[in-house]
Amino acid sequence: MANTPDTILVIGACGQLGSELTLALRELYGGGNVVAADVAPPKHAELRDSGPFERVDVLDTNVLGTLVSKYKFTQIYHLAAVLSATGERNPKFAWRLNMEGLFNVLDLAVEQQVSKVYWPSSIAVFGPSTPRQHTPQHTLMDPNTVYGISKQAGERWCEYYFQKHSLDVRSLRYPGLIGYKALPGGGTTDYAVDIYHKALEGETFECFLSENTYLPMMYMPDALKATLDLMHAPAAQISVRDSYNLGAMSFSPEEITASIRKHIPDFEIIYKPDARQQIAASWPQSIDDSVARKDWGWQPAYNLDAMTADMLLNLKKMRAAQTA
Ligand code: SER
């Protein structure tokens, strides 16, 4: 892979997924060939020092267009979006950023002959009428957050650009993503990252979801593997051109607490559900990802206890390095 002439743009490179995906892409393609772009510069030294950064607002088509012509990107990963909880605070802006941003990228990719585009979708495309257990690839979808509506519409547009413009755009419906390198921002599944930080700080964790709220979740190394495997699969193997269901594990706040207590026995949690409880209640509890497994061999590596052990180990290392 390292010898390929690919040049890659990651939009939203400083976000929770972007910071890790950019580093993984730089490992594969070489630091200089992967341009990190975001509205604000990277805070993490590893991301800042490992390759080029460009300040870009995905709504600014002039800056974006100039950038794509300058670097002649062969692939674009467009990750910038307003997530579910934040989106509800300013629905019009969330719609504008999530939809116009996607159109800007799809149009530029067609115009400038970018060969592949990646765009993330989410379990948020599902809604209260969707079957909640083993949610199928094709099913009823009635998302009721602006984030979910924008992701569902975006999925349809991705398929449209594939059909009408032969654009090789690929997508995954991520569950809640959990990683130690960067914090998520404004999602309903964020509690499952925050809880590890609080557990290590020795604090009682105040959970904004109720104890038995099950949601599909995934550890970041699995999310990175799924993304890269999908993008590297031969086009003929990609039968889904809206977005693939993707699963790994499902757990409740009570179960992640029990998993953490295997390492930190006196960890305490209290439950104070807020508006995010309604969002969680409209999403699936578990995902049927058999199409992804069949098409391009998807298989997750981490379950809850394996993730907990790895998260706590790495967060402890990071904390030790910060205080050293
Ligand atoms: N993690 C996202 C959110 O909670 C779902 O895709 O908004």
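Numbering of ligands and ligand atoms starts at 1, following listing order.
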Element-labelled atoms of ligand 1 that are located less than 4.0 Å from some non-hydrogen atom of Leu83:
7 (O)
Got more than 12 heavy atoms from elsewhere within 6.0 Å of OH, Tyr160?
no
Distance under 4.0 Å to a non-hydrogen atom of Ser84: what atoms of ligand 1 satisfy this?
3 (C), 4 (O), 7 (O)
For atom 1 (N) of ligand 1, what's the nearest protein heavy atom and its distance?
Thr189 OG1, 2.8 Å
Short side-chain donor-acceptor distance under 3.5 Å, Ser171 and Glu155
no
Identity and separation of the nearest protein heavy atom to atom 4 (O) of ligand 1:
Thr188 N, 2.6 Å
Can you confirm whether more than 12 heavy atoms, excluding those of Gln113, are under 6.0 Å from its CD atom?
no
Does Asp289 use its side chain to pair, donor to acceptor, with the backbone of Gly247 at less than 3.5 Å?
yes
If you apply the rule side-chain contact (heavy atoms from CB on, under 4.5 Å), what do you find for Val193 with Gln16, and how did you get there?
CA-CA 11 Å; Val193 178; Gln16 186 204 15; 3.9 Å; yes
Give a yes or no answer on whether the side chain of Ser286 reaches the backbone of His134 with a donor-acceptor pair at less than 3.5 Å.
yes
Heavy-atom pairs closer than 4.0 Å: do any link ligand 1 to the side chain of Ala124, the backbone, both, or neither?
neither
Could you tell me which atoms of ligand 1, counted from 1 in the order shown, lie closer than 4.0 angstrom to a heavy atom of Trp283?
3 (C), 4 (O), 5 (C), 7 (O)
min-distance protein heavy atom vs atom 5 (C) of ligand 1 -> Ser122 OG, 3.4 Å
